[in-house]
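First up is the structure itself, then whatever we jot down about it.
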There are 2 protein chains.
Amino acid sequence: MPDPLSMTLSALADPTRRAILARLVQGEATVGELAAPFSISQPAISKHLKVLERAGLISRGREAQWRPCRLEAAPLQDLAGWLENYRRFWEESFDRLDAYLKDLQKGDPDASSS
Amino acid sequence: MPDPLSMTLSALADPTRRAILARLVQGEATVGELAAPFSISQPAISKHLKVLERAGLISRGREAQWRPCRLEAAPLQDLAGWLENYRRFWEESFDRLDAYLKDLQKGDPDASSS
DNA sequence: CAGTTATATAACTTATTAGTTAAGTATACG
DNA sequence: CGTATACTTAACTAATAAGTTATATAACTG
């Protein structure tokens, strides 16, 4: 699976990993700090971090026996860029829904048949 | 995996499925039309469509023997909403990078040490 | 150097996923 | 009714993923 967007999305498709990112948006943290809130084993957290790192979502330093993790912006930005392709679509969808609801409210008989 | 955001992200974490969505943003299409550009079997496309449907990313109608698919906006909007939590972070990251590059350009000796 | 703390890796299990081919269902058409 | 078309479902395989426990590495501490 070489394409970066697929890597980003599958890394994000796990609630534990998203929770880790949510913690890191507030600043660097060690592996232990990141593991603390979860009930799963520490090796499991290490694996999650490796997935995030391979996706470029985090990077890791070295300070004595700690490996501080920090969030990296680029993949999230790229994802936001990809999503932008769909913004026009969903804004149109919203406009249609909005018009439909307004029609309903003023009793337009077309609104319930189409 | 009951949480909707995880369903959305893992549905999107496949290039074939993203290509299907990219086609659907231009309007409804039948299963056959969606399958045409790909070299994989048609049942494989049916499975991808089922994944997209269970994630709420598409919905399907019935017209004679065709099952027209259309893109649904809500999950993409929800994803965009989730991503917004990180926008402030990446804009700060960009500001830092920007300042760093400006410092480099004017020969600030701090810029290469920190 | 011995022990402790922080983290990573190995080996394994179980579940899920993406693909396949073959068979089934549903609608249209002569 | 029989057949062609569009699509789905079933049954299977191979690869990947998420978790486990046990072991290894690396750096600090006395």
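Naming convention: chains lettered A, B, ... in sequence-line order (proteins, then strands); numbering from 1 in each chain. The structure displayed is predicted, hence computed values, not measured ones.
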(request) Considering non-hydrogen atoms only, spot the tightest contact between A:Leu57 and A:Pro75 and give its length. (result) CD2-CB, 3.7 Å
(message) Quick check on C:dG19: is either OP1 or OP2 less than 4.0 Å from any side-chain nitrogen or oxygen of B:His48?
(response) yes
(message) Less than 4.5 Å apart, side chain to side chain, heavy atoms only: is that true for B:Arg67 and B:Leu49?
(response) no
(message) Testing the basics here: between B:Glu33 and B:Pro37, what is the closest heavy-atom pair and its distance to 0.1 Å?
(response) O-CD, 3.5 Å
(message) Go through it in stages, so that I can follow the logic: the residues are A:Lys50 and A:Glu53, the test is salt bridge (charged side-chain N to carboxylate O under 4.0 Å, His left out), and I'd like the CA-CA distance, side-chain angles, deciding distance and then a yes or no.
(response) CA-CA 5 Å; A:Lys50 180 167 278 185; A:Glu53 187 178 26; over 6 Å; no
(message) Using whole Å, what does the distance between atom P of nucleotide C:dT7 and atom CG of A:Leu34 come to?
(response) 9 Å
(request) Name the residue closer to the 5' end of DNA chain D, choosing between A:Pro43 and A:Arg67 according to the nucleotide with the nearest heavy atom. (result) A:Pro43
(message) With a 4.0 Å limit, can you tell me whether B:Ser41 has a side-chain N or O closer than that to the phosphate oxygens OP1/OP2 of C:dG19?
(response) no
(request) Looking only at side-chain atoms of B:Gln42, point me to the closest of C:dA8, D:dT8, D:dG19. (result) D:dT8
(message) I want to check one thing: is the phosphate of D:dC7, taken as OP1 and OP2, less than 4.0 Å away from some side-chain N or O of B:Thr30?
(response) yes
(request) May I have the distance from B:Gln65 (atom CD) to C:dA26 (atom P), rounded to whole angstrom? (result) 14 Å
(request) Would you mind reading off the distance between A:Arg54 atom CZ and C:dT9 atom C1', rounded to a whole angstrom? (result) 15 Å
(request) Between A:Arg62 and A:Asp14, just flag the one whose closest nucleotide in DNA chain D comes earlier from the 5' side. (result) A:Asp14
(message) Are more than 12 heavy atoms, taken from residues, nucleotides or ligands other than A:Gln26, located less than 6.0 Å from that residue's CD atom?
(response) yes
(message) What contact category does A:Ser10 fall into here, base, sugar-phosphate, or nothing, at under 4.0 angstrom with non-hydrogen atoms?
(response) nothing
(message) From CG of B:Leu52 over to C1' of C:dT17, roughly how many Å is that when rounded to an integer?
(response) 14 Å
(message) From CD1 of B:Ile40 over to P of D:dC7, roughly how many Å is that when rounded to an integer?
(response) 15 Å
(request) Examine D:dC7: is either OP1 or OP2 under 4.0 Å from a nitrogen or oxygen in the side chain of B:Ser46? Give yes or no. (result) no
(message) Looking only at the side chain of B:Lys50 (C-beta and beyond, no hydrogens), which of the listed nucleotides D:dA22, D:dT9, C:dA18 gets closest?
(response) D:dT9
(request) Would you mind reading off the distance between A:Ile20 atom CD1 and D:dA18 atom C1', rounded to a whole angstrom? (result) 13 Å
(message) How many whole angstroms separate atom CD of B:Glu33 from atom P of D:dC7?
(response) 8 Å
(request) Write down the distance between NZ (A:Lys47) and C1' (D:dA17), rounded to a whole number of angstrom. (result) 7 Å
